[in-house]
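As structure tokens, the structure follows; a few thoughts come after it.
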Protein chains: 2
Amino acid sequence: MKTETELKDFIKNGSRMYVPGLTIDCVIFGYHDRQLKVMLGGYKGLGGFGLPGGYVKRTELLSIAAERTVKEKTSLDNLYLEQFYAFGDSPFRTTKVNIHPSIANTWLAERTFSIGYYALVEFSKVSPEPDFLLDSLEWFDVATLPTLLFDHNDVVSKALEHLRINLYHKPIGYNLLEKKFTLPEIHSLYETILDKKLDRRNFPKKLLSLGLIKDTNEVRKIGQHRSPRLYTFDKKNYQTALKEGIVLVI
Amino acid sequence: MKTETELKDFIKNGSRMYVPGLTIDCVIFGYHDRQLKVMLGGYKGLGGFGLPGGYVKRTELLSIAAERTVKEKTSLDNLYLEQFYAFGDSPFRTTKVNIHPSIANTWLAERTFSIGYYALVEFSKVSPEPDFLLDSLEWFDVATLPTLLFDHNDVVSKALEHLRINLYHKPIGYNLLEKKFTLPEIHSLYETILDKKLDRRNFPKKLLSLGLIKDTNEVRKIGQHRSPRLYTFDKKNYQTALKEGIVLVI
DNA sequence: ACAAAAGTGTTGAACTTACACCCATGA
DNA sequence: TCATGGGTGTAAGTTCAACACTTTTGT
């Protein structure tokens, strides 16, 4: 089995290629069925789920390592990726409990700091690719996460918190929604991220008045009710808003 | 000379006590004479100034290490300290140029990531204490920084950027100003941090209407002009605002 | 008396908030 | 025809932005 060999080699020789003691934790957010999702991996042998992550190559820039890690897991290009926090406060990081026997006394058993990056991706475009450390990689609802390995619940919380603050300063959505989307979709996306009800009539006024979205003249036929109109982001205004920042009051 | 021995021991044996490859960079902000200041150290032998920093002890939590580092440099307690970014993208971090001969081939010559924390401190209360790596530690105007060692100019910029965004969500000032301060003082503090003119009449209205500051009935006699009134922060409202966040539109 | 900086209030414009009924669709 | 969810406008209240003259103080 290829990955078996790969894993053994990584445990034995990984520290030649990678910086020891430092990982990147990726919080990959997607949006589907009116739910904010996060991608979690089933870690081999550890009997639990955690954030996908990766090590930084010895001569690799940090942001490049983060990009590479997310790309490997999602098979996506053109990522929206943001560093949000560095972790080294969890007690598990300073005490050697719960070290799996297969890595005891290897470089992987040393205290590890991690740098958190979150990615916003288009759910439907992602093909999850578990790496040799994972035996699965799947989407979970952010609202109903199980208890995760390590301090990964804290990491997800912090990512959400940053995403929330970000939402007030930058437009969000281009990377999470399909090219064309309905008002109810983006409305409930914002509600989900902010965890607060937003007025159904006032919300689109705001986005329209900022020029962030515009009406296509199409509709999407779904279900036994009126067909919602489709909107797209106004690429130019969106980019400007991303660069210069906005103050969103909603 | 004590520090000489200390330095040699640190170079030789430091990696037993400290995590190698990871430092904390401290951006210590103060405010004096209507100028935002940052504390910089003159690094021994490197012929330049840089941010004071420190290593993390092997079993020490990251945030504790940051606190310890700033405390050592400023002799202050009760710090306002915030982690803002992790650095590992600068090319100097991946290539071994500019390694000082005295640390060549030691643990200090390895690639180092750093985690940036900024502190807000009361200028007049600080007694700068250079450690054994520094031969000076002084305040510099943020507006006119020289070229710093490593990527520290980037680190300061990023800290400022975060401080600026923070200002819109949390009250700032309690840690930078003296207990009693004048409106012109806090006004110009905000102008300096945001790098933008704020209306002299509207600005205090905002802080007063949020209940963040209150009038003492004292004045401060300075110079040959009308004496400005003294204000203090309303501790209770300030704390609430810190915890719950505000949306400041100024 | 003069220079320098501090104090103070109002008004029009813009934005935010709250709110309820009709419409289109598929079963 | 009915159930479901989508679409739409207005008025009242609040907040923001712009603006200039008077006061105090020390020299």
Check your understanding: C/dA24 P sits how many Å from A/Arg226 CZ, rounded?
Key ->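 Distance, rounded to whole Å: 5 Å.
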Review point. Separation of A/Lys197 atom NZ from C/dA18 atom P, in whole Å?
Key: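 Answer to the nearest Å: 15 Å.
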Point to revise | Donor-acceptor contact present, side-chain B/Asn153 to main-chain B/Pro146, <3.5 Å | key: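 At least one qualifying donor-acceptor pair exists.
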Check your understanding: Taking only residues two or more places apart in sequence, or in another chain, which ones meet B/Glu178 in a side chain to side chain contact (heavy atoms under 4.5 Å, CB included)?
Key ->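 If we apply the side chain to side chain contact (heavy atoms under 4.5 Å, CB included) test to B/Glu178, skipping adjacent residues, the hits are B/Glu122, B/Ser124.
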Review point. In terms of the nearest nucleotide of DNA chain C, which residue is placed more toward the 5' end: A/Ser227 or A/Val249?
Key: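 Taking each residue's closest nucleotide, the earlier one in sequence belongs to A/Val249.
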Review point. Residues in side-chain hydrogen bond (donor to acceptor under 3.5 Å, both in side chains) with A/Lys205, at least two apart?
Key: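 Partners of A/Lys205 under the side-chain hydrogen bond (donor to acceptor under 3.5 Å, both in side chains) test: A/Asn202.
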**Study point:** Donor-acceptor pair between B/Asn175 and B/Tyr31 side chains, under 3.5 angstrom
**Key:**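 Distance-only check fails for B/Asn175 and B/Tyr31.
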**Study point:** Pair B/Lys196 + B/Glu191, salt bridge at N-O below 4.0 Å
**Key:**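 No, no charged N to carboxylate O under 4.0 Å.
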Check your understanding: Is the shortest side-chain N to carboxylate O distance from A/Glu82 to A/Lys170 below 4.0 Å?
Key ->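 Salt bridge between A/Glu82 and A/Lys170, a charged N being under 4.0 Å from a carboxylate O: yes.
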Review point. Taking DNA chain C as the partner, which of residues 199-220 of chain B come within under 4.0 angstrom of it by heavy atom?
Key: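 Those residues are B/Arg200, B/Arg201, B/Lys205.
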Practice item. Please name all residues satisfying ring pair (Phe, Tyr, Trp, His ring centres under 6.0 Å) with A/His32, sequence neighbours left out, ordered by chain then number. Key: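 Scan of A/His32 (ring pair (Phe, Tyr, Trp, His ring centres under 6.0 Å), adjacent residues dropped) gives A/Phe123.
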Report all side-chain donor-acceptor pairs from residues 238-250 of chain B shorter than 3.5 Å, counting only partners two or more places apart or in another chain.
residue: B/Tyr238; atom: OH; partner: B/Pro171; partner atom: O; Å: 3.1
residue: B/Tyr238; atom: OH; partner: B/Gly173; partner atom: N; Å: 3.3
residue: B/Tyr238; atom: OH; partner: B/Tyr174; partner atom: N; Å: 3.1
residue: B/Thr240; atom: OG1; partner: B/Lys236; partner atom: O; Å: 2.8

Exercise for review: Using chain B heavy atoms and a threshold of under 4.0 Å, write down where along DNA chain D the contacts begin and end, 5' to 3'.
Suggested key: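 Nucleotide range in contact with chain B: D/dC16 to D/dT27.
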